[in-house]
There are 2 protein chains.
Amino acid sequence: MASDQTRSAILAAAERLYADRGFGDVTLRDIVAEANVNLAAVNYHFGSKDELIAELFVTRSIQTNRERLNELKAAEERGGGRAAIEDIMRALVGPTLRGCLGPDREGSTAARFMIRASIESVPPIRRIKNREVDHLRKFAAAMRRAMPGRSDTELYWGLHFALAMAHHTIREKERLLRLSEGKCDLDDVAGIIDRVVTVTVMALTMGEMAASKPPARPTLVHGRLTRQDL
Amino acid sequence: MASDQTRSAILAAAERLYADRGFGDVTLRDIVAEANVNLAAVNYHFGSKDELIAELFVTRSIQTNRERLNELKAAEERGGGRAAIEDIMRALVGPTLRGCLGPDREGSTAARFMIRASIESVPPIRRIKNREVDHLRKFAAAMRRAMPGRSDTELYWGLHFALAMAHHTIREKERLLRLSEGKCDLDDVAGIIDRVVTVTVMALTMGEMAASKPPARPTLVHGRLTRQDL
DNA sequence: TTGCTTTTCAAACGTATGTATGAAACTATC
DNA sequence: GATAGTTTCATACATACGTTTGAAAAGCAA
């Protein structure tokens, strides 16, 4: 059918333009011009502008989530049902970082689009992101199996910090590059993944380490952090 | 002069509305209605809508940066010119986290405004954020003095990860709360600061470990697209 | 072909928005 | 209290935007 061609052309053009110029600067007229289709085609095929954006983001999110779960499953099979915590965290942050960072990814429209989505956070995308919690619960469950001793609170903070480091690196890679005057190599994706995973695993195993050697200012009691006055 | 009253009323109303409803949903007409001033007053006093937003953000940013530097200076004086790395990181993330988190801050318009600015990232604000690098360099310098053995690369990654955890916690506090089903106490600001500082110092202390020896091998798994996720 | 559905198209619609205008009201200095 | 400068106000402007419309074209089954 020719209708699929139009649909695909709109999707491709929209993703390219949004990736290059951001959501705020791209209008439907820009998109249909790039796709060489009629203006009304967007509303005919997608219903509205927001639904077009949502479809773009959902498609890419599903791909990432799929990769994450595949890596997690592979790690669990390797470990006979219980994956090592390092591999779990690697499965969590690896696909996103590999997808959005690295020198070969400069030309990838999908990657640049996802970076934009991470930075600008437009309403239709925010709505979809809110559903991501269910997906993350699978990783929380895997972490619980890998570290039975840790409390849920600690696991969630670890998961949260892992995503924080990964996403913030993607969001602010330009700034980090400028701040470090190029010393932080953002093309070394594997190194960055190792870095994030190592820090996260350390944070997760922190309780035990602190029991033997508590740090100076923030003190750990019963595996929990307690406040220290300024 | 009465003109200062109008100016202040606009600023207050704008900050309140932006904090509550976000930049995308608030028009100049909403603001002047809230402030009980004429529509033209915004352009008369600020030049344009973007300059109004910029002034709001600059004001709040300066406050945060001043608090950071004050804490840093206090820590350096305590240590006789060289602050402990824990205190440096605490000075970096403390003011932001205290400003944007905590139960008593629910009513703080300024805090909610800064959270919005962190999430939505509108053009005039992005422009200002790019200048933040100079401010961060002062913290990089303090870190270098506190940890002479560490390479600049490691220091920048530590600084970057500290900001990542702090900002991501502010940005995604709703999601973390939902994911952890309330187990992560986001009202315990001091505890969160301790957590971020501890993890960051650990990351900085481990240093060469992460750079030289990765903990596990990366496994590439490619996924196919289905609707079952998300 | 005929008749029906799906898709494309040019044009228009409605409106929300930031900004500009010019006169009126106000303020301060002499 | 007259004059010059500042601030306020109602109103208009321009126009960019997503969406809708209704007809034409294309596809398709009989």
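Below, all heavy atoms of this structure are taken into account, side chains as well, without hydrogens, waters or symmetry copies.
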I'd like to know if Arg178(B) and Glu172(B) make a salt bridge, using a cut-off of under 4.0 Å between side-chain N and carboxylate O.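 No.
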
Run the salt-bridge test on Arg171(A) and Glu120(A) with the 4.0 Å N-O cut-off and return the result as yes or no.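 Here Arg171(A) does not pair with Glu120(A) in a salt bridge, since their nearest N and O are not under 4.0 Å apart.
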
When every nucleotide of nucleotides 11-18 of chain C is labelled 5' to 3' by its protein contacts under 4.0 Å (heavy atoms), B for base, S for sugar-phosphate only, - for none, what sequence of letters results? -B----BB

Length of the [atom1]-[atom2] vector between [X] and [N], whole Å:
X	N	atom1	atom2	answer
Ile31(A)	dT19(D)	CD1	P	11 Å
Asp4(A)	dT6(C)	CG	C1'	12 Å
Asn36(A)	dT8(C)	CG	C1'	14 Å
Gln5(A)	dC9(C)	CD	C1'	17 Å
Tyr44(A)	dG27(D)	OH	C1'	11 Å

Between Gln63(A) and Arg60(A), is there a side-chain donor-acceptor contact under 3.5 Å, judged purely by atom types and distance?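 Yes, a side-chain donor-acceptor pair sits under 3.5 Å.
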
Testing Arg127(A), Arg68(A), Arg137(A) one by one against Glu132(A) for a salt bridge (charged side-chain N to carboxylate O under 4.0 Å, His left out), which residue passes?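 Checked Arg127(A), Arg68(A), Arg137(A) against Glu132(A); only one passes salt bridge (charged side-chain N to carboxylate O under 4.0 Å, His left out): Arg68(A).
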
Just to verify, which of Leu186(B), Val189(B), Ile193(B) counts as forming a side-chain contact (heavy atoms from CB on, under 4.5 Å) with Thr169(B)?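 Per the side-chain contact (heavy atoms from CB on, under 4.5 Å) rule, the option paired with Thr169(B) is Leu186(B), out of Leu186(B), Val189(B), Ile193(B).
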
Is the phosphate of dT7(D), meaning OP1 or OP2, less than 4.0 Å from a side-chain N or O of Thr6(B)?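 For Thr6(B), the contact criterion (side-chain N or O under 4.0 Å from OP1 or OP2 of dT7(D)) is not met.
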
Please determine if a side-chain N or O atom of His45(B) lies less than 4.0 Å away from the OP1 or OP2 oxygen of dT6(D).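 No.
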
Is the Phe57(A)-Phe23(A) ring centre distance short of 6.0 angstrom?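 No, they do not, as the ring centres are separated by 6.0 Å or more.
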
